[in-house]
Every structure is written in structure tokens, then in C-alpha cells.
2 protein chains.
Amino acid sequence: MAKKLTILDIAKLAGVGKSTVSRVLTNDPKVKPSTREKVQQVIQDAGFVPSKSAQAMRGGSAKVVGVILSRLDSPSENKAVSGILDVIYAAGYDAVIMESQFCPVKTNEHLQVLRKRNVDGVIVFGFTDFDVKAVAEWQHKAVVIAVETDVVSSVGYDNTGVIQLAMDKLLAQDLRHISFVGVDPSDKTTGAMRLKAYQTCCEQADIKAVYGCGELSHDSGYQLTDKVLKKKTQAIVCASDSLALGVAKRLQELGRNDVIVSGVGASDLLSFIFPNTFSIDPGYFDAGKTSAELLIKQLAGQDSITHLTQTACLT
Amino acid sequence: MAKKLTILDIAKLAGVGKSTVSRVLTNDPKVKPSTREKVQQVIQDAGFVPSKSAQAMRGGSAKVVGVILSRLDSPSENKAVSGILDVIYAAGYDAVIMESQFCPVKTNEHLQVLRKRNVDGVIVFGFTDFDVKAVAEWQHKAVVIAVETDVVSSVGYDNTGVIQLAMDKLLAQDLRHISFVGVDPSDKTTGAMRLKAYQTCCEQADIKAVYGCGELSHDSGYQLTDKVLKKKTQAIVCASDSLALGVAKRLQELGRNDVIVSGVGASDLLSFIFPNTFSIDPGYFDAGKTSAELLIKQLAGQDSITHLTQTACLT
DNA sequence: CTGTTAGCGCCTTCAT
DNA sequence: ATGAAGGCGCTAACAG
């Protein structure tokens, strides 16, 4: 690893002025092709790499976007991040990633740091009581995933759709006794909205709503099963795959293999382990891609603040 | 968001020279406490944030480390990344994360980009045929996880230990008919090393080795079960939790609830769903922390190239 | 202790 | 089409 080369070094090496080298670097059209080629050759040979820090300082843009997610080990979020990375990287940006751990304070700290780093934009995975104001300051340089916000762009999941899809599929099979296992409505999206969707479906189909809510874990699903399971129950719709896993497990123990279980998340595990199950895909990966595309467009000034909803699909 | 403030602006605002402001920023001790306080006050009030780009350019260090992992949605890797993030962040660094998708070419591209970005160091998750040479150029500014390399520091998992631990536990229960399900030995670590560990254990315990290898998936575990399951089989040790999940599922189908299954990965799912199972924790999270600590020490010149092995434990 | 003065590496007028 | 010069925001000598 040779010592740090600068634009000036290769200017000398190529026998040109440093501005010409700069022009080559920025793809300025007003460079004689022959000169350009010569300079590029020298750059290659010398293994010169322009300093992003200097470019960033000069030009203002560091070509970096910050991503704040709540937990790296959340299957939904890391799928979305993969989508983000794909898009971001293809557009010549890089991502600095941070974990909020569902803590508003940490989130704001991270935003501070990202601001200081002069990142071009941020993508934040929202959670129930995160501080919208802090991200609002970023205006068009921010996109929030998973939570609706009016102040900045957002890409939400179709919390109603994921449940509707499951219900429709079950209703189409002429099932009339469908229970629901969700998470506490204090969680606005996975909790309240999905429960509401279930209730609405029940009303419309004129069937009785039977449900229970708890935490977002297998164990909670397992516990809640007995509460929502009646003799006539034909299916149990769950707000997430982890709940569904717990429910399916409990049903298996009880020998109720007749009851269909549905989850949300598109994990292959659920149906691999339990035959009588299916899962709805909220489109995590695509939501990630979408949000990244949105952000990049906004940074390029090609788009203004927008609110999108990722459509879900059956798996 | 007011316009860009610079160190000079707050220097004027505070009625001092800009170098004094700089000194405050860098915690230079030679500043009169009262002056320092005044400046800090102005910084607060004005909401000034020093530009990292400029600092990076001046000082040479951007306080960033690059992390190249193979897949974000690998439970093992994202646990490790969480560990890395914790440490990195506490040390005032940030992480830019990229996915190699097990592709040596992509990995090298990413390393290029990271170099161009002037990152202080890199942490790379190794995979079977990744290009050690590329990362070797980084010398003490790199740490490789999951694969042993002699040219740069590395933090490996105890591939022998994870299997030994499982075997010991089973042998202690006086079981003598223990099969193994692994992945193809073309994978050096999870494949070859763990198989070897199994074979060695068998030899030492003077029991017969019965094993099968395939891919790293539930399905593969499911398929291989019939191959390694004999009438007398008392336990099946698996090279990973996903394999174990498949094996346990198949055993359940076959009504062989007497057979104990072990996996590697410490996923809570395995034992939640299947009673007669346990999992070994290779210490992913800690390995992440360790590697980050190692890197930071090396960057500070406090440590030279080192090779560590993360110790595994029972869960 | 504090202000002044150079640059860091690059991009961008401004002349040529 | 190209070179010279200026400055981005900051830190690190060098003077007071």
C-alpha cells in the first residue's frame, strides 16, 4: 500500500495540470479524448483513488445515506435493508447503518451523528413512539418505513391488506369460525391496525370476532391460542409469523390439526414445519427497494414528499 | 434547518478566534474553562455541527469502519453485526455495511469502495472461497470473521468445540448411537471442520460414525434424516440450527420422538417447537464484539495482528 | 491561553 | 482544451 497519492501527483506523472485530472475524474466532456485516456492510464497504473472526504467537502455530497433500523435481527427489517442496499449501491451511494433498538433517544442521537457526517439522506424504520419531529427536520432528505408520517415521505406496509388477504383466502374456503391472534393495540401498526382489519373483515362477512392480543413472540402466540380456540374454530389468523409459529405449535399439542393458521412475514419456516399453515408476504424486500428509490429521487430533486404503501401478497 | 454554519461563524458569534473553537471541538486542554463554556454555549444555541468530511480530510481519519457481510438475513451474521455496531459506535466510529452475497468479486468491489472512502478499517465475514489477498492489503486495518486467515487478524468460531460440546453432552447421558447431519465439506468451516469434529469425537468415544452431508437448509436436514437414522439411533447432532429444524421435523413425522436433536446457532425456535432438542451457541454476538474491539485496538496501534477463536457454549 | 497562518485534496471559475 | 488560482471547513503548528 503505497503512500497517499493526490490529484497533483498524477497530474505531474501524466504531464498535465491538476485541473485536467479533476476533469477526468468528474467526467467533464471538455477534455481531449487522447488526454483523457492518458490520464486514466496513469490513474490506473498508479492505483490512485480520489479521496471521498475531499470530494465530499468540496462538493457537499458524500454520497452516503444513513439507515436507522430498530433491530438488525428482525427478519422483516433485514430483508428491507437488503432491498435498500441493492438500490442505494447501484446509485453510487453507500449506507451507514445504525440500530435504534426502538429507543427514540437513540434514534435522535443517530440522526445527529448522521447530520454531522453530512449524509445525503436517511431512511428510518419507524416504531410506535418514535420522534417524528426529529426526522421531520430532514424534510425531503428522509424516508420513513413502516409508519405513516405526514411530514416526510413514508413507505408503509399494508397492515389492513395483510390481514384481509388471509381472511379472504379463508372465507373463500367457506370457513366461518376464524379467530385472530395479534399484538397489543398500543402498537399502532402491527397491533391496532391489524386487529382492526380483522374486526372489519368479520363484520363484513358477518362472522363473530374472536381474538386475543399479547406480545410479538412465539410464546405469546402459544399462550393466546387457548384463549381464542373454540370447538368450532376452523382457522386462526395471526398478526405475524412468530405468533403463528406459537399458535401452530400449541394446536399441534392439542391435536387440532384441522385448524388452519396464517401468519404475516413470508418466512418459509412456518409452512415447512406445520403443514396446515400459510403466510402473507408484506413485501419487506420491495418496501426497502421502494423507499431507497424514493429517497434517491428526492435527493435528485425529481420527486417531492410522497406516501406509498407496499402491497402485500400471498406466498 | 438554518444555513450551514462553520467554525468561523461561531468563532465570531462567541467573539473568539476560530482555532479556539477548534480546540473546544477537539477537547484540547489548553482552553480557559470559562472560554470553553462560552463557546460550547454558542455551539449549542446555534445548533452547530462540525463537518465530519472536513475533519476527515484534515485529520486523515473518517472514523468509519466498513463491514462486509455475506447476507444480512443470516441470523448468525446479523447477531455478529449487532455486536460490532455496539462496540464500534461506543468508540465513536460508524459503520458502512455492504453485502457480498458470498461473491468474491463483489467483496473486492466493496473493498475498493471502502478504500476510496478512506475508511479506517474493515471487518469482513469470510466465506469458503473468498479472496484473502484483497483483504490482505489492508494489513492491520482489517479483521476477518468466521474464517481463519494468517495474513490479517481473524476471529473464528470454534467449529470443533460446537460439535464437541453437543457430543459431550450426549455422551454424558450414556448415549452411544449418535448420528450427524452436516453440510458438504467443500465448505471449509461449517462443512469440513464440523464433520471432522464429529468423526474425532466418535473415534475417541469408540462409537460408530453415521453421517450425511448436504446443503445448509431445513430441507436438506429433512432429506438427510432418513439416511442417518437407524433403529438404534438415540441422537442426531447437526451442524446448524436450520439443519436441526429439518431433522427434528422429519423425526416428528416418523414418530421418533425419542431421538434427541442438537443444532448450532442458539436460535430459540428449535427448542420452542421441538421438545427433545438443544442448541449450541457459537457466540455470534460476542464474536462481533470481539472483532470490533480487536480492530479498534489495532487502529490505535495498541495491538498487532492476532488470531482469536470465539468459544462456544451450551444454551 | 489565544489569534494568525498554512495547508489537507479536490472542484471550479477565469483566463489562456 | 487546458493551466493557474481560489476556497470548501477544519486542524495544527507558530507566534504572541
Side-chain angles (χ1 to χ4, degrees), chain A residues 1-43 46-64 92 113 115-120, chain B residues 1-43 46-64 92 113 115-120:
Chain A
M1 221 183 129
K3 70 173 278 294
K4 268 290 189 134
L5 290 173
T6 87
I7 193 182
L8 189 60
D9 294 320
I10 54 143
K12 286 176 190 157
L13 247 49
V16 299
K18 61 174 184 163
S19 27
T20 303
V21 179
S22 177
R23 288 190 183 97
V24 171
L25 255 30
T26 51
N27 284 313
D28 189 319
K30 332 175 269 180
V31 184
K32 200 202 299 175
S34 66
T35 312
R36 172 183 303 274
E37 200 153 334
K38 183 174 60 184
V39 173
Q40 267 163 344
Q41 188 58 47
V42 176
I43 290 181
F48 164 78
V49 271
S51 147
K52 277 269 179 189
S53 325
Q55 294 181 311
M57 193 188 121
R58 194 61 185 68
S61 161
K63 285 288 201 176
V64 174
V113 173
R115 150 123 330 135
K116 186 178 327 190
R117 280 212 181 274
N118 237 311
V119 301
D120 301 84
Chain B
M1 213 186 137
K3 70 171 281 295
K4 265 305 186 95
L5 292 171
T6 84
I7 191 180
L8 189 59
D9 293 320
I10 52 145
K12 284 177 190 158
L13 247 52
V16 300
K18 63 172 185 165
S19 35
T20 303
V21 179
S22 177
R23 288 192 184 96
V24 172
L25 257 28
T26 51
N27 285 314
D28 189 317
K30 327 178 276 185
V31 184
K32 200 204 297 175
S34 67
T35 312
R36 170 183 304 274
E37 200 153 335
K38 183 174 61 184
V39 173
Q40 267 165 344
Q41 188 58 46
V42 176
I43 290 181
F48 164 78
V49 270
S51 148
K52 276 270 179 189
S53 325
Q55 294 181 310
M57 194 189 123
R58 194 61 188 75
S61 160
K63 285 289 201 176
V64 173
V113 173
R115 149 121 333 134
K116 186 179 326 193
R117 281 215 181 272
N118 238 311
V119 302
D120 302 82

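Naming convention: chains lettered A, B, ... in sequence-line order (proteins, then strands); numbering from 1 in each chain.
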Sequence neighbours excluded, which residues qualify as side-chain hydrogen bond (donor to acceptor under 3.5 Å, both in side chains) partners of B:Gln41? B:Asp45

Once you round it to whole Å, what is the distance between [atom2] of [N] and [atom1] of [X]?
X        : N      : atom1 : atom2 : answer
B:Arg117 : C:dC10 : CZ    : P     : 15 Å
B:Met57  : C:dC8  : CE    : P     : 8 Å
A:Asn27  : C:dC11 : CG    : P     : 11 Å
A:Lys32  : D:dG3  : NZ    : P     : 10 Å
A:Lys38  : D:dT2  : NZ    : C1'   : 11 Å

Quick one: pull up [atom1] in [X] and [atom2] in [Y] and give me the separation to the nearest 0.5 Å.
X        : Y       : atom1 : atom2 : value
B:Arg117 : A:Gln55 : CZ    : CD    : 9.0 Å
A:Arg58  : B:Met57 : CZ    : CE    : 10.5 Å
B:Lys12  : B:Ile7  : NZ    : CD1   : 12.5 Å
A:Thr6   : A:Asp9  : OG1   : CG    : 4.0 Å

Sugar-phosphate only, base, or nothing, as touched by B:Ser53 at under 4.0 Å among non-hydrogen atoms: nothing

List the atom pairs, with distances to 0.1 Å, where a side-chain N or O of residues 24-31 of chain A and a protein N or O form a donor-acceptor pair under 3.5 Å, not counting sequence neighbours.
residue: A:Thr26; atom: OG1; partner: A:Ser22; partner atom: O; Å: 3.0
residue: A:Thr26; atom: OG1; partner: A:Arg23; partner atom: O; Å: 3.3
residue: A:Asp28; atom: OD1; partner: A:Lys30; partner atom: N; Å: 2.9

Quick one: what's the B/S/- string for nucleotides 10-16 of chain D, heavy-atom cutoff under 4.0 Å, read 5' to 3'? BBBBB--

